[in-house]
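If you're wondering where the values come from, they're calculated on a predicted model, not measured in any experiment. These values consider heavy atoms only, across backbone and side chains, with no hydrogens, waters or symmetry-generated copies.
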Amino acid sequence: MESFLPVSRLPDEKRHCRRGEFLAHHFEEWGSDIMNTGIETTNEHVLIVGGSSGMGLALARILLSEGARVTIAGRSEARLEEARTNLSPITGRLQTEVADITQEEQVARLFERIGPLDHIVTTAADIEGAYQLLPSQDVAAAQRVVGSKFIGPLLLAKHGAPVLAPQGSITFTSGIAAYRPVARGSVVAAINGALESLAYALAVELGPIRVNAVSPGWVDSPIWTHVAGEAKAATLEAMAKRLPVGRIGQPDDIASAIRFLMRNGFVTGTVLHVDGGHRLI
């Protein structure tokens, strides 16, 4: 049976066609209208914590190219300067701020400095030393994960919500470990699950501000150096062969998903899975 895509508001001659033909021949013509959310982006101000590399840096590049004003915050001034270099020549509306989101006083001062916001995104995760079997688990490493992936987002919401636009959003980054945990990954799995529960609760408490989480699968980003070390490339290649999409995720895949959560005003209290079908295997 042929697959048809009914589009009730298209002209009669375009109203029924094979799905593949529709996409191939008409997406360029209508794509901009389909993707247009009607939201003004030029004057948006977005805070990205963890935006000096990986998914956060990819998001910053997308938003700056659309004309948004972006503030990247992180602990390392050197890494922030590197991000500014990587984003050149679209840094005219880029601001960088040094802040440790695990420290409440620094978070409060951060929001005092940067002023009103439309969106807050955090992709920060300090997981160095956290992937250990239970008998070898280092409590200090576990506490760093809790600080960067749970306490930090909690503090960002606490001090950021008062300066957010009423229709603004907060987006957390959890991960596939909450759904497909592996040996040595118990701490990260638990924190990802807790962070998603925080998003659910804050969506209720802070409405109409929207609070969501994006849950990436395996993504080729610097964080994998801490997870797999020298075996990073081989580990990612093996997973790519197992995934339904046949490849590992890229930072731009996750950045595009976060952008969707920011811009869709009817999505809140939601975990958006961007994992290449990882939960199915």
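Atom CG of Asn212 is separated from atom OG1 of Thr268 by 5.0 Å, given to the nearest 0.5 angstrom. With rounding to the nearest 0.5 Å, the separation of CZ in Arg247 from CG in Asp220 is 11.0 Å. If you take CH2 on Trp218 and CG on Leu236, they are separated by 7.0 Å, rounding to the nearest 0.5 Å. Interatomic distance, Leu272 CG to Phe260 CZ, rounded to the nearest 0.5 Å: 6.5 Å. In this structure, Leu87 CG and Arg61 CZ are separated by 5.5 Å, a value rounded to the nearest 0.5 Å. Taken to the nearest 0.5 Å, the OG1 atom of Thr122 stands 9.5 Å off from the CE atom of Met55.
The hydrophobic cluster containing Ile258 does not contain Ile62, counting ILVMFWY residues as joined when their side-chain heavy atoms lie under 4.5 angstrom apart, directly or transitively.
Counting non-hydrogen atoms of other residues, nucleotides and ligands closer than 6.0 Å to CZ of Arg113 gives a total above 12.
A salt bridge links Arg263 with Glu44; the closest basic N to acidic carboxylate O contact falls under 4.0 Å. Looking at Asp275 and Arg180, no side-chain N of the basic residue comes within less than 4.0 Å of a carboxylate O on the acidic one, giving no salt bridge.
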- prompt: Should Met262 and Leu63 be marked as a side-chain contact (heavy atoms from CB on, under 4.5 Å) after you check the CA-CA gap, both sets of side-chain angles, and the distance that decides it?
  reply: CA-CA 11 Å; Met262 290 168 49; Leu63 297 177; 3.9 Å; yes

field: Criterion side-chain contact (heavy atoms from CB on, under 4.5 Å) on Leu202 and Ile170, from CA distance to verdict
entry: CA-CA 9 Å; Leu202 291 181; Ile170 301 172; 5.8 Å; no

task: Could you walk me through whether Asn192 and Tyr179 pass the side-chain contact (heavy atoms from CB on, under 4.5 Å) test, one step at a time?
output: CA-CA 9 Å; Asn192 283 343; Tyr179 301 87; over 6 Å; no

task: Kindly indicate, with the supporting measurements, whether the criterion side-chain contact (heavy atoms from CB on, under 4.5 Å) is fulfilled by His278 and His273.
output: CA-CA 9 Å; His278 194 155; His273 297 277; over 6 Å; no

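Within the 4.5 Å cutoff, no side-chain heavy atoms of Arg210 are placed close to those of Thr270. Between Pro216 and Thr173 the shortest side-chain heavy-atom distance falls below 4.5 Å. Side-chain contact between Phe111 and Leu156 is present, with heavy atoms from C-beta onward closer than 4.5 Å. For the pair Val146 and Ile191, the minimum side-chain heavy-atom distance is below 4.5 Å. Taking 4.5 Å as the limit, every side-chain heavy atom of Leu261 sits out of range of all side-chain heavy atoms of Ser169. Contact check for Ile248 versus Met239: side-chain heavy atoms found under the 4.5 Å cut-off. Ser53 has its side chain within reach of Arg79: a pair of non-hydrogen atoms, C-beta onward, lies under 4.5 Å apart. Contact check for His159 versus Glu104: side-chain heavy atoms found under the 4.5 Å cut-off.
Scanning both residues, Gly147 and Pro153, for their nearest heavy atoms gives O-CD, 4.5 Å. Taking all atoms of both residues into account, the shortest heavy-atom contact from Asp100 to Gln106 is N-OE1, 2.8 Å. The shortest heavy-atom contact between Leu80 and Ala73 is CD2-C, 4.2 Å. Nearest heavy atom pair, residue Pro244 against residue Gly277, reads CD-O, 3.8 Å. The two residues Ile101 and Ala124 have their closest heavy-atom pair at CD1-CB, 4.3 Å. Taking both residues in full, the closest heavy atoms of Asp253 and Val274 are given as O-CG1, 4.0 Å, listed atom of the first, atom of the second, then distance.
Of the possible donor and acceptor atoms, one in the side chain of Arg184 sits under 3.5 Å from a partner among the backbone N and O of Tyr131. Looking at Thr123, its side chain does come within 3.5 Å of a backbone N or O of Gly50 through a donor-acceptor pair. Counting only distance, with no hydrogens or angles, the side chain of Thr85 and the backbone of Glu81 share a donor-acceptor pair below 3.5 Å. Not one N or O on the side chain of Arg109 forms a donor-acceptor pair closer than 3.5 Å with the backbone of Ala99. Remark: the backbone N or O of His45 is paired with a side-chain donor or acceptor of Asp118 at under 3.5 angstrom. A distance-only check finds no donor-acceptor pair linking the side chain of Arg93 to the backbone of Leu64 [under 3.5 Å]. Not one N or O on the side chain of Lys149 forms a donor-acceptor pair closer than 3.5 Å with the backbone of Asp126.
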